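Below: the structure, in structure tokens.
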Amino acid sequence: MDVTLHLAQDPDADALLGRSALAALTGMLLDQQVPMEWAFKGPRTIADRLGVAATGDLDAHDIAAMAPEAFAALLAEKPAVHRYPGSMAKRIQQLCQYLVEHYDGDAEAVWRGVPSGSELLKRLEGLPGFGKQKAQIFLALLGKQLGVTPTGWREAAGAYGERASFRSVADITGPESLAKVRAHKQEMKAAAKAAKGA
């Protein structure tokens, strides 16, 4: 992987996301209950605290093997990587353990050479912490920005795969598109709240 992403709106954090499959998966995992930029800045913060930012990547084997308390403390250090650093530390380690067990720690192997969008969606849904929606959003990100376009990827990604939409992180290419995605999310929340109250 070597692409330019703008998910964290921070050059160093985005550079790591663009070259590291594990960083991109970790950012996606962190993308809940915090602002998108905060979530996608997380992998760079983790890399800095592990002292590996200079070498350019997170290592699934190393993270999986860390003592859970030590890894949780690393995420909780101020400023915390996430609003819930303890539970997210556990999820990241589970993801890394799964990658070690199923893909020899190679995060990119999750999508490398996958023949179809439906197979890729199945693989992403198999990752710890990835439900259907998160898997579809990440699949759309792979297709729209990372050049991973197996047959039927847009269909497998559902609405997130639509061209010229601003539904998710898959559509963020700079500050303007970030504002459009944020506006879309606020509309969705307001609609859900209104439906609840009806």
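All values derive from a computational prediction rather than experimental measurement.
Taking CD1 of I172 as the reference point, atom NZ of K180 lies at 12.5 Å (rounded to 0.5 Å). Between the CG atom of L58 and the CZ atom of R44 there is a distance of 10.0 Å, given to the nearest 0.5 Å. Rounded to the nearest 0.5 angstrom, L139 CG and L120 CG are separated by 4.0 Å. Here CD of Q94 is found 10.0 Å from CE of M88. Values are rounded to the nearest 0.5 Å. Atom-to-atom distance recorded for E119:CD and L124:CG is 10.0 Å, nearest 0.5 angstrom. Once rounded to the nearest 0.5 Å, the distance linking CG of D31 with NZ of K134 reads 5.5 Å.
Taking each heavy atom of L25 and A107 in turn, the nearest pair found is CD1-CB, 3.8 Å. When all heavy atoms of S165 and E162 are compared, the closest pair comes out as OG-O, 3.0 Å. Taking all atoms of both residues into account, the shortest heavy-atom contact from Y103 to R123 is OH-CD, 3.5 Å. Heavy-atom minimum distance, P43 versus G27: CG-N, 3.6 Å. Smallest separation of non-hydrogen atoms from L75 and R49: O-NH1, 3.7 Å. The two residues V34 and A39 make their nearest non-hydrogen contact at CG2-CB, 3.9 Å.
Counting heavy-atom neighbours within 6.0 Å of Q133 CD, excluding the residue itself, gives a total of 12 or less. The number of heavy atoms from other shown groups lying within 6.0 Å of NZ (K144) is above 12.
Taking 4.5 Å as the limit, some side-chain heavy atom of L121 sits within range of a side-chain heavy atom of Q136. Within the 4.5 Å cutoff, the side chain of Q32 has heavy atoms near those of the R91 side chain. Looking at V148 and W153, their side chains never come closer than 4.5 Å, going by heavy atoms from C-beta outward. Using a 4.5 Å cut-off on side-chain heavy atoms (C-beta onward), Q9 and P175 make contact. Contact annotation: the side chain of L127 approaches that of L95 to within less than 4.5 Å [non-hydrogen atoms, C-beta and beyond]. Side-chain atoms of R182 and E37, non-hydrogen and from C-beta on, do get closer than 4.5 Å to each other.
Note: F138 and F130 have perpendicular aromatic rings, judged against thresholds of 30 and 60 degrees for the angle between ring planes.
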Check against side-chain contact (heavy atoms from CB on, under 4.5 Å), D59 and L50: CA-CA 10 Å; D59 187 296; L50 287 172; over 6 Å; no
Take D57 and S20 through the side chain to side chain donor-acceptor pair (under 3.5 Å) test and state the conclusion after the steps. CA-CA 6 Å; D57 206 353; S20 166; 2.4 Å; yes
Using side-chain contact (heavy atoms from CB on, under 4.5 Å), reason through L146 and L5 one step at a time and then give a plain yes or no. CA-CA 9 Å; L146 298 171; L5 295 175; 4.2 Å; yes
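Tracing side-chain contacts under 4.5 Å through hydrophobic residues (I, L, V, M, F, W, Y), one reaches L7 starting from L178; they form part of the same cluster. Side-chain heavy atoms closer than 4.5 Å link hydrophobic residues (I, L, V, M, F, W, Y) into clusters, and following such links, possibly through other members, connects M66 to L29. V81 and V52 end up in the same hydrophobic cluster when Ile, Leu, Val, Met, Phe, Trp and Tyr side chains are linked at under 4.5 Å. Taken together through direct or relayed side-chain contacts under 4.5 Å among Ile, Leu, Val, Met, Phe, Trp and Tyr, M28 and V181 form part of one hydrophobic cluster. Under the 4.5 Å side-chain contact rule for hydrophobic residues, L74 and I92 share a cluster.
In terms of modelled atom types and a separation under 3.5 Å, the side chain of D104 and the main chain of D106 share no donor-acceptor contact. Counting only distance, with no hydrogens or angles, the side chain of D171 and the backbone of S168 share a donor-acceptor pair below 3.5 Å. With hydrogens and angles ignored, the 3.5 Å screen pairs no side-chain donor or acceptor of Q145 with any backbone N or O of L142. No side-chain donor-acceptor contact under 3.5 Å links R167 to the backbone of Y160. The backbone N or O of L30 sits less than 3.5 Å from a side-chain atom of H82, completing a donor-acceptor pair.
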